[in-house]
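Note: hydrogens, waters and symmetry copies are ignored here, and every other heavy atom, side chains too, is used. Heads up: numbering here begins at 1 and tracks the sequence.
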Amino acid sequence: MTADLKAILDYHQTSKHNFKTYAPGPHHLDMQIKPESFLNYNGAQLLSLDKWSDEEIKHEIFPAYEQAFSPEKLEPSELDAKTISRLFFDSFAISVWKKAEGTKWPLRVNPSSGNLHPTEVYLISGPVNGLIKSPSVCHYAPLPHALELRAEFSLDTWKLLSSGFPKGTFFVGFTSIYWRVSWKYGLRAFRYAQHDIGHAIAALTFAAAGFGWETSLLADMGSEEIAGLLGISGRKGPEKQEPACLLAVYPAGETCNRGKVNSSAVSAFEALSWKGVPNNLSPKHVEWVGIEKAASAAQKTETDYLEKKGELKPDTQVVSSLKVNNSKNLSDLETVPLRSVIRKRRSALEMNNSAYMEKETFYEMLQKTLPVNNPIFNPLALGSFTHLLLFVNRVKDLLPGLYIFLRKPAEKERFKAAVRPDFLWEKPKNCPSDLEFYLLMEETLDDFAAQLSCAQRKVADACFTACMLSEFEEPLNKFGPWIYPYLFWECGILGQLLYLEAEANGLRGCGIGCFFDDPLHEAIGLRGFEYQDLYHFAVGAPLQEIGVITLPAYEE
């Protein structure tokens, strides 16, 4: 075992919550050092983006939410100031302001654990009509909804950077500031920051789909190369940005086989003149050595995995063909506007424990989580590793109990051998034949499900809660310690999908990062590191917030 792999495993174990003790965290929240909610590059030129009021979005009925799953059927939009404005408005902008008891705070389109937002977003693009005249690197600033121009470079460098990608491609990069999360959550913050990257990837992908665009993760890029392209190389200290990933955005239906940009173009960025100085987020900090070690161990070097076709995705040979008989429900979904779903997404604070979900809606949600032929999962360039262990509380015509949904074909026997031998493994009689969905235990488990999720009542009151069990040991051994964040990214993508599915169906979701890892493993009989529980997500009917006023995202 390498030192980096050992560091990742040590971090994973020490950052687990257990019934008798939580992962190391702050003893109290020091509000004097709470990080600023927004990062800005002081001195950089600000490029204002177009905004839309809630009323304007309400009247935009095209594209429909369902069309996000078939972006190749939409006419690809031209890249210009309006489309870039809307892309960021529908993926990373402020979605609403909340106010209660004299305190006012913003929510964003992309969710974040504790609303702390460690993720920073960058645009790398050629000239954009009406916005930027030269190829540029820009940082996205959500508070003013604007781009901060960090650097300009030559057309020759842009041609080199974008060579081999479809015409019309541009790039979006993500970084993380771990201090933003560790201030509140301590050691476990590294996990939560990776969840947030996954949510951000999916938020970008859904917003891009509305333009007839797709996204592709450049999974062969190294951490240093990404840092160089985004202008964050060499940063030190607790507020430094760690490079996460780079995605290509391009017209849907085009083929994008590239896993990285031209290395010669990366070296050209070393000579750029970077504008702007990031603002200080806190007057002082608390050091979390375990996070530093995990972040260092998870650094990635440049690879060529995506050049080895046919080696990475053996799970893409089976295509689901779910047919739903509830035509009224399908008709309703086909008329739900994509932008309204995206912009209205919220986390449920409390759930209504008298509300039930239709089984057709439940099965549609499961079907949408399958990676096969689903462009929302295109960014999972190295394959899918996660299955859903489901506590079903209130789904009509489904027995309450514990279920498993296998998201990859031919996994039943492997998973069956890894868990308790007394599980039922019965397929519900009303389950579509092509879904690998099985009842493991028939019992009312809502209180136990809540107990496993740090005693959060909303889990007991939800219609169902999904525990995301990821293959763990095998991908770490195959790819190395840098795959560790990727496993959490997949969970975040799944969480974002469930958020929007819930919203489109008149329900609401909530991502849950606080749960008792090993007690869940023990409850279902998991041993060792073949599978690990990485994220929980509850879906149900929300209760109305009391005493909270909702205000527009931006002054009209």
Trainee: Are more than 12 heavy atoms from other residues, nucleotides or ligands located less than 6.0 Å from atom CD of Glu72?
Mentor: yes

Trainee: Can you name the salt bridge (charged side-chain N to carboxylate O under 4.0 Å, His left out) partners of Arg343, sequence neighbours left out?
Mentor: none

Trainee: Can you measure from CD (Glu214) to CD1 (Ile376) and round to the nearest 0.5 angstrom?
Mentor: 9.0 Å

Trainee: Tell me whether Asp30 at atom CG has more than 12 heavy atoms from other residues, nucleotides or ligands lying less than 6.0 Å away.
Mentor: yes

Trainee: Verify the neighbour count for atom CD of Glu78: are there more than 12 heavy atoms of other residues, nucleotides or ligands below 6.0 Å?
Mentor: no

Trainee: Assess the side chains of Trp482 and Gln299: does a donor N or O sit below 3.5 Å from an acceptor N or O?
Mentor: no

Trainee: To the closest 0.5 Å, what do you measure between CG (Leu230) and CG (Leu246)?
Mentor: 6.5 Å

Trainee: Without swapping roles, check the side chain of Arg407 against the backbone of Leu388 for a donor-acceptor pair under 3.5 Å.
Mentor: no

Trainee: Do Phe211 and Pro76 have side-chain heavy atoms sitting under 4.5 Å apart?
Mentor: no

Trainee: Would you say the side chain of Met468 lies within less than 4.5 Å of the side chain of Cys491, judging by non-hydrogen atoms?
Mentor: yes

Trainee: Less than 4.0 angstrom from a charged side-chain N to a carboxylate O is my criterion; do Arg345 and Glu503 meet it?
Mentor: no

Trainee: Could you tell me whether a side-chain N or O of Asn40 sits under 3.5 Å from a main-chain N or O of Asn42, the two making a donor and an acceptor?
Mentor: no

Trainee: When you measure from the centre of the six-membered ring of Trp105, is the NZ or CZ of Lys98 under 6.0 Å away and within 45° of the axis?
Mentor: no

Trainee: Are the side chain of Tyr305 and the backbone N or O of Ala381 linked by a donor-acceptor pair below 3.5 Å?
Mentor: no

Trainee: Could you list the residues that satisfy side chain to side chain donor-acceptor pair (under 3.5 Å) with Arg108, not counting sequence neighbours?
Mentor: none

Trainee: Would you call Phe89 and Ile57 a side-chain contact if the rule is heavy atoms closer than 4.5 Å?
Mentor: yes

Trainee: Give, for atom CG of Leu382 and atom CG of Leu487, the distance between the pair rounded to the nearest 0.5 Å.
Mentor: 10.0 Å

Trainee: Is any side-chain heavy atom of Phe385 closer than 4.5 Å to one of Tyr486?
Mentor: yes

Trainee: Any chance the side chains of Thr386 and Glu490 put a donor and an acceptor closer than 3.5 Å?
Mentor: yes

Trainee: Looking at Gln496 and Ile493, would you say the former's side chain and the latter's main chain have a donor-acceptor pair under 3.5 Å?
Mentor: no

Trainee: In the structure I gave you, are the side-chain heavy atoms of Ile201 and Cys245 within less than 4.5 Å of one another anywhere?
Mentor: yes

Trainee: Quick one: pull up NE2 in His285 and CG in Asn280 and give me the separation to the nearest 0.5 Å.
Mentor: 7.5 Å

Trainee: We want to know whether Tyr65 and Ser340 form a side-chain donor-acceptor pair, criterion being a heavy-atom distance below 3.5 angstrom.
Mentor: no

Trainee: Taking the basic N atoms (NZ, or NE/NH1/NH2) and the acidic carboxylate oxygens, is any pair closer than 4.0 Å for Glu225 and Lys300?
Mentor: no

Trainee: Keeping Asn374 on the side-chain end and Lys368 on the backbone end, is there a donor-acceptor pair under 3.5 Å?
Mentor: yes

Trainee: Look only at the side chain of Ser136 and the backbone of Ser134, and say whether a donor-acceptor pair between them is shorter than 3.5 Å.
Mentor: yes

Trainee: For the ring pair Tyr122 and Phe171, is the centre-to-centre distance below 6.0 Å?
Mentor: no

Trainee: Is the number of heavy atoms from other residues, nucleotides or ligands within 6.0 Å of CD (Glu224) greater than 12?
Mentor: no

Trainee: Determine whether the side chains of Ser282 and Trp183 contain a donor N or O and an acceptor N or O closer than 3.5 Å.
Mentor: no

Trainee: Could you tell me whether the side chains of Thr303 and Asp220 share a donor-acceptor contact shorter than 3.5 Å?
Mentor: yes

Trainee: Using atom types as modelled and distance alone, determine if a side-chain donor or acceptor of Arg258 lies under 3.5 Å from a backbone N or O of Ser163.
Mentor: yes

Trainee: With a 3.5 Å cut-off and no angle check, do the side chains of Tyr499 and His199 form a donor-acceptor pair?
Mentor: no

Trainee: Looking at the rings of Phe190 and Tyr11, which for Trp means the six-membered one, are their centres under 6.0 Å apart?
Mentor: yes

Trainee: Let me confirm one number: the CZ-OG distance from Phe170 to Ser162, rounded to the nearest 0.5 Å.
Mentor: 13.0 Å

Trainee: I'd like to know if Glu471 and Lys408 make a salt bridge, using a cut-off of under 4.0 Å between side-chain N and carboxylate O.
Mentor: yes

Trainee: Verify the ring-centre separation between Trp213 and Tyr250: is it less than 6.0 angstrom?
Mentor: no

Trainee: Only counting residues at least two apart or in another chain, list the ones meeting side chain to side chain donor-acceptor pair (under 3.5 Å) with His117.
Mentor: Asn115

Trainee: For Thr157 and Ser154, test the side chains for any donor-to-acceptor distance below 3.5 angstrom and give the result as yes or no.
Mentor: yes

Trainee: Could you tell me whether Glu242 and Lys240 make a salt bridge, using a distance below 4.0 angstrom between a side-chain N and a carboxylate O?
Mentor: yes

Trainee: Spell out, as yes or no, whether a donor-acceptor pair under 3.5 Å connects the side chain of Ser70 to the backbone of Gln67.
Mentor: no

Trainee: Does Asp196 pair with Arg191 as a salt bridge, N-O distance under 4.0 Å?
Mentor: no

Trainee: What I want to find out is whether Lys478 reaches Glu473 closely enough, with some N-O distance under 4.0 Å, to be called a salt bridge.
Mentor: no

Trainee: Between Asp50 and Ser85 (side chain of the first, backbone of the second, donor and acceptor by atom type, cut-off under 3.5 Å), is there such a pair?
Mentor: no

Trainee: Under 30°, 30 to 60°, or over 60°: which ring-plane class applies to Phe88 and Phe92, parallel, tilted or perpendicular?
Mentor: tilted

Trainee: Checking the side chain of Ser91 only, and the main-chain atoms of Leu204 only, is there a donor and an acceptor separated by less than 3.5 Å?
Mentor: no

Trainee: Any luck finding a side-chain donor-acceptor pair between His145 and Tyr554 under 3.5 Å?
Mentor: no

Trainee: For side chain to side chain donor-acceptor pair (under 3.5 Å), just list the numbers for Thr83 and Ser77, CA-CA rounded to whole Å, side-chain angles, deciding distance to a tenth of an Å, and then say yes or no.
Mentor: CA-CA 7 Å; Thr83 53; Ser77 298; over 6 Å; no

Trainee: side-chain hydrogen bond (donor to acceptor under 3.5 Å, both in side chains) with Tyr192: which of Arg188, Gln194, His195?
Mentor: Arg188

Trainee: Is the shortest side-chain heavy-atom distance between Val249 and Val172 below 4.5 Å?
Mentor: yes

Trainee: Atom CD1 in Ile483, atom CD1 in Ile8: separation rounded to 0.5 Å?
Mentor: 11.0 Å

Trainee: Test His17 against Phe515 for ring pair (Phe, Tyr, Trp, His ring centres under 6.0 Å), laying out the working first.
Mentor: CA-CA 6 Å; His17 289 328; Phe515 53 85; 7.7 Å; no

